[in-house]
Amino acid sequence: MDARKIVVVVEDVEVARTALQWALHNILRFGDLITLLHVYNNTASKSKKKLRLLRLKGFQLALSFRDICDSFPNTKTEIVVTEGDIDGGRIASMVREIGASTLVVGLHDRSFLYRLVMSQNSVAFNLNCKVLAIKQPTPLTARTISLQDSSINMDFSQIELATLSVPEVPPPKIQYQICPDPSAIIWRSGESRRKSSS
């Protein structure tokens, strides 16, 4: 079998670590290469010191993910830390450049996948690989069963296959002006009509 290239997006959220652990347990084969990809946000200020600090923090975060990989035998890992946007364009271009067969992402509220879906017509075309979006498991989705008089434990997890749907974004609030045009106010002088008609 050919060795596959599996890209795992490194983010500072717990679900990203869960996604990496899920990938190590469920899809990693002998000889596969795991690329830990961290894209830090390019800020408006182009201060070299600030960019260096962001790159260093991203590399340290990726090293903590590599520690998880090192606990599995025969795991080949590489780390890529690069500057990019928060919309996922840089992640998509790096996945294509690496030639990944699978992209593993921890799915959370601020995930780049949602922004990529909203900005692009076809996510599959942009990434050119399988995308596995892993959600944080709820207490009911993972169960361990122990058999009596046995040392065997079975771990069951629920896999939900679904299409990626973009969460509803409330429309932006429009400021309501109480009096948009002061000349539009009509002033009445004199008595009201009720008093004059009686």
Side-chain angles (χ1 to χ4, degrees), residues 3-29 31-72 75-137 162-169:
R4 298 174 301 172
K5 294 181 180 178
I6 301 168
V7 175
V8 178
V9 176
V10 174
E11 296 178 288
D12 197 11
V13 289
E14 190 58 35
V15 71
R17 290 175 180 82
T18 302
L20 173 62
Q21 290 173 343
W22 186 90
L24 291 169
H25 283 285
N26 295 293
I27 63 173
L28 185 69
R29 297 186 309 214
D32 289 349
L33 174 67
I34 293 183
T35 302
L36 302 173
L37 174 63
H38 178 72
V39 177
Y40 59 91
N41 189 9
N42 53 358
T43 58
S45 73
K46 291 295 181 179
S47 165
K48 288 185 179 185
K49 186 175 183 179
K50 190 171 186 178
L51 289 175
R52 190 177 313 122
L53 184 64
L54 286 171
R55 190 178 320 115
L56 177 64
K57 285 183 179 180
F59 189 71
Q60 289 171 339
L61 182 62
L63 284 174
S64 71
F65 276 63
R66 191 177 75 182
D67 289 343
I68 296 171
C69 292
D70 288 344
S71 64
F72 282 79
T75 305
K76 297 180 199 173
T77 58
E78 68 178 3
I79 295 175
V80 177
V81 177
T82 185
E83 181 180 3
D85 57 355
I86 60 171
D87 293 334
R90 182 67 176 150
I91 292 174
S93 67
M94 288 301 298
V95 167
R96 283 191 311 269
E97 184 180 321
I98 291 169
S101 61
T102 307
L103 173 66
V104 179
V105 180
L107 192 61
H108 53 90
D109 294 339
R110 298 176 321 278
S111 180
F112 80 94
L113 276 178
Y114 293 124
R115 291 187 294 274
L116 192 64
V117 167
M118 290 177 16
S119 66
Q120 305 290 331
N121 291 336
S122 173
V123 174
F125 176 74
N126 285 319
L127 295 171
N128 199 23
C129 67
K130 288 187 290 187
V131 178
L132 296 173
I134 310 298
K135 288 198 259 183
Q136 189 68 29
T163 57
L164 183 64
S165 59
V166 179
E168 285 194 32
V169 178

About how many Å separate CG of Asp85 and CD1 of Ile91, when rounded to the nearest 0.5 Å?
-> 8.0 Å
Out of curiosity, Leu63 CG to Ile68 CD1, how far, rounded to the nearest 0.5 Å?
-> 11.5 Å
Ala100 to Val7 - nearest heavy-atom pair and separation | CB-CG2, 3.4 Å
Sequence-distant partners of Phe72, ring pair (Phe, Tyr, Trp, His ring centres under 6.0 Å), two or more places apart | His25
Any pair counted as salt bridge (charged side-chain N to carboxylate O under 4.0 Å, His left out), so long as it reaches residues 5-15, sequence neighbours left out | Asp12-Arg17
Least distance between heavy atoms, Leu36 atom then Ala62 atom | CD1-O, 3.7 Å
With rounding to the nearest 0.5 Å, note down the distance linking CD1 in Ile6 to OG in Ser101.
-> 6.0 Å
Are the side chain of His38 and the backbone of Val81 linked by a donor-acceptor contact shorter than 3.5 Å?
-> no
Only counting residues at least two apart or in another chain, list the ones meeting side chain to side chain donor-acceptor pair (under 3.5 Å) with Thr82.
-> Arg90
After noting the C-alpha distance and the side-chain angles of Val104 and Ile27, does the key distance pass the side-chain contact (heavy atoms from CB on, under 4.5 Å) rule?
-> CA-CA 10 Å; Val104 179; Ile27 63 173; 3.9 Å; yes
Over all heavy atoms of both residues, which pair between Ala3 and Gly31 is shortest? Give the atoms and the distance, please.
-> CB-O, 3.1 Å
Who pairs with Arg4 by salt bridge (charged side-chain N to carboxylate O under 4.0 Å, His left out), at least two apart in sequence or on another chain?
-> Asp32
With Asp67 via side-chain contact (heavy atoms from CB on, under 4.5 Å) - residues at least two apart | Asp70
Any chance you could measure Leu56, atom CG, to Leu51, atom CG, to the nearest 0.5 Å?
-> 12.5 Å
Sorted by chain and number, sequence neighbours left out, side chain to side chain donor-acceptor pair (under 3.5 Å) with Arg66 holds for none
At their closest point, which heavy atom of Trp22 faces which heavy atom of Leu132, and how far apart are they?
-> CZ3-CD1, 3.8 Å
Only counting residues at least two apart or in another chain, list the ones meeting side-chain contact (heavy atoms from CB on, under 4.5 Å) with Glu78.
-> Leu33, Thr35
Rounded to the nearest 0.5 Å, what's the gap from CG on Leu37 to CG on Leu103? Could you check?
-> 8.0 Å
Look up atom CD1 in Ile34 and atom CG in Leu24, then write down how far apart they are to the nearest 0.5 Å.
-> 4.5 Å
Just do the side-chain contact (heavy atoms from CB on, under 4.5 Å) check on Thr102 and Cys129 with the steps written out, would you?
-> CA-CA 5 Å; Thr102 307; Cys129 67; 5.9 Å; no
Quick one: do Thr18 and Leu20 satisfy side-chain contact (heavy atoms from CB on, under 4.5 Å)? Show the steps, please.
-> CA-CA 5 Å; Thr18 302; Leu20 173 62; over 6 Å; no
Is there a side-chain contact between Glu83 and Val39 (heavy atoms, below 4.5 Å)?
-> no
